[in-house]
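Remember, predicted model here, so these are calculated numbers, not experimental data.
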Number of protein chains: 2
Amino acid sequence: MNKPSGPMSYDELRGTIAQRHRALSGRLQQIAEFVLDHPTDVALGTVAEVAQRSGVPPSAIVRFAHALGFGGFTEMQQVFRNRLVAGEAPSYKARLARMKGEEKSVLGRKPMAVLSRFVSEAQSALVTLSQSVHARELDAATAILTKARDIYLLGLGGSFPVATHLAYVLRKLGHRVVLLDGIGGSIHEQSHAATSEDALVAISFRNYYPDTARLFPELVARRVPTISITDSLLSPIVQGASVVFEIQDMPEPALRTLVAPMCLVQALAIGLDLSSD
Amino acid sequence: MNKPSGPMSYDELRGTIAQRHRALSGRLQQIAEFVLDHPTDVALGTVAEVAQRSGVPPSAIVRFAHALGFGGFTEMQQVFRNRLVAGEAPSYKARLARMKGEEKSVLGRKPMAVLSRFVSEAQSALVTLSQSVHARELDAATAILTKARDIYLLGLGGSFPVATHLAYVLRKLGHRVVLLDGIGGSIHEQSHAATSEDALVAISFRNYYPDTARLFPELVARRVPTISITDSLLSPIVQGASVVFEIQDMPEPALRTLVAPMCLVQALAIGLDLSSD
DNA sequence: CACAAAATAGAATAGATATTCTATCGCGTG
DNA sequence: CACGCGATAGAATATCTATTCTATTTTGTG
């Protein structure tokens with residue numbers, strides 16, 4: 001039992017919960033996590049509903065409210081409702097207006113404006129992606145990956161995050177993945193075992209990382225089926241590729257967001273699993 | 001009694017009420033006016049409360065709901081509640097509904113459909129990002145990074161792509177970066193040189209990578225200024241952090257797009273350079 | 001390992017809820 | 001002016017609600 005039983009804002013409540021989370025025990029922690037993740041459910045639901053959704057008995061919800069200093073669930077719920085009501089008026093118009101306003105305010109030098117710029121850049125990159133990728137390529141790529149024994153991933157330099165992300169997702173889904181990162185030796189050695197039974201996903205954008213440009217033709221020569229993700233048909237990983245995804249309008253390295261390729265590789269991985277079973 | 005008892009948007013309901021207003025009788029008109037003027041009260045209140053505030057007996061409220069084609073007050077109230085939650089996060093409900101629905105349909109199994117699903121997921125994640133990040137936090141983070149001698153990056157498991165991307169961009173801009181990847185030994189050793197003169201950017205989402213949870217408190221204890229990017233205030237990298245960016249509604253690991261954190265770290269890096277010269 | 005303390009789940013309960021029912025009222029019509 | 005019809009309000013009701021209580025389990029400790 002604590003003092004903050006007085007009128008409390010939602011943000012204050014969040015802070016309190018975060019602080020005291022560790023001190024709470026088992027069940028209460030579980031509820032704390034659910035409550036922070038689903039504030040709307042708490043605002044609108046009944047004790048029974050919240051209890052069911054969070055997987056705890058109703059009485060535990062009440063104990064949780066007590067532990068936070070409220071007289072009961074209803075009292076705590078009021079805070080969550082205030083949050084809903086508070087955010088209703090200024091939501092759409094004000095938020096958008098603020099974004100537009102700040103965007104032009106100090107000409108993009110303030111961090112917030114920079115974020116807005118990158119967000120809208122990313123938005124349009126996504127639109128472009130969904131327009132430029134065709135079903136035929138996706139299906140072909142999926143077919144290749146389905147037949148592959150091991151999947152080799154080649155993405156260095158600025159593309160490395162994309163490769164690691166794809167590696168992570170594919171491994172989560174139970175696929176055999178070899179991430180060619182050049183650690184502890186040359187990537188040539190790492191890729192030495194690749195055969196035509198396997199597959200390669202290569203990712204590279206300007207300026208094309210030298211090692212990528214060097215290794216790619218070798219694997220093609222060894223008849224490893226290849227999926228390329230790049231920004232130009234003139235890139236070194238296009239010639240000989242089985243499938244090419246061209247992602248256009250990539251800004252210069254430091255400014256590119258990688259949003260589009262990240263999205264693409266994830267769709268590849270998940271689509272692979274959904275269509276194979 | 002009318003048919004529109006089906007799922008109805010708040011705007012549609014408003015139109016219906018306005019149309020039928022004249023046809024309604026006395027009391028019902030009075031209720032109609034109150035309801036249009038105080039939609040929030042209707043969303044959150046009980047029949048008794050709404051009745052009292054609008055100066056009519058409770059049964060009249062129920063009659064009003066019936067007259068609009070609803071089965072009862074509760075049913076009508078649902079429309080008003082949807083309005084409240086509609087303005088908060090464009091992701092949440094629609095996203096979940098769409099995923100649940102398409103995941104099992106034949107449409108959602110084709111690779112192309114999977115791609116467009118991830119694209120729209122990413123879109124809403126970006127919108128949510130620009131709404132949930134505040135200028136104050138961005139400025140604080142920028143200040144920390146500006147003063148830092150070396151910038152340590154901690155992002156393992158599913159967050160590793162984000163960390164590598166940030167490392168890449170920061171190095172391109174000429175900053176001294178230490179990427180804590182645990183290669184060739186423990187990350188403890190890698191981070192041993194970090195002091196209060198440096199800075200740490202930690203990135204972690206559920207399920208929080210154990211090494212991250214273990215290392216973070218150590219660096220905080222050594223008074224290293226810390227910027228955390230995570231999905232919950234209860235994550236192990238929140239306690240003691242100088243700045244926390246909370247990115248909500250992160251799907252399960254295999255399905256998350258990383259689009260939002262990727263965008264955020266890039267804005268951080270670029271914003272850092274733009275505001276420091 | 002035994003004990004005490006805390007936490008938990010599930011049943012019990014007191015209260016509130018939306019809805020229905022019925023007697024009454026207002027009002028236009030024959 | 002009496003009649004009939006619809007609207008109304010208030011009481012009755014059955015459902016659902018939050019909360020409390022208690023037996024049981026789990027946890028920490030000597």
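- I61(A) has its CD1 atom 14 Å from the P atom of dT17(D), to the nearest Å.
- Backbone-only engagement by L28(B) is indicated by non-hydrogen atom pairs under 4.0 Å involving sugar-phosphate atoms exclusively.
- Of all non-hydrogen atoms in A267(A) and F118(B), the two that sit nearest each other are CA-CD1, 3.9 Å.
- Applying the salt bridge (Lys or Arg N to Asp or Glu O under 4.0 Å) test to pairs two or more places apart or on separate chains, those with a residue in residues 200-220 of chain B are D37(A)-R206(B), R206(B)-D231(B), D211(B)-R214(B).
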Base-contact (B) and sugar-phosphate-only (S) positions in nucleotides 12-24 of chain C, heavy-atom cut-off under 4.0 Å, - elsewhere: -----SSBB----
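- In terms of heavy-atom proximity, L126(B) sits nearest to C263(B) at CD2-SG, 4.0 Å.
- With a 4.5 Å cut-off on side-chain heavy atoms, S191(B) and L219(B) count as touching.
- Checked by atom type, the side-chain pair H21(A)/E33(A) shows a donor-acceptor distance below 3.5 Å.
- No side-chain heavy atom of V259(A) sits under 4.5 Å from any side-chain heavy atom of Q123(A).
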All N/O pairs under 3.5 Å across the protein-nucleotides 22-28 of chain D interface:
none

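- Proximity of R63(B) to the phosphate of dT8(D): a side-chain N or O atom is located under 4.0 Å from OP1 or OP2.
- At whole-Å resolution of the value, CD in Q29(A) and C1' in dT8(C) are 15 Å apart.
- Rounded to an integer number of Å, the gap from CG of L44(A) to C1' of dT17(D) is 16 Å.
- Side-chain atoms of Y152(B) and L179(B), non-hydrogen and from C-beta on, never get closer than 4.5 Å to each other.
- Using a 4.5 Å cut-off on side-chain heavy atoms (C-beta onward), H165(A) and V265(A) make contact.
- Atom CZ in F64(A) sits about 14 Å away from atom P in dA7(C), given to the nearest Å.
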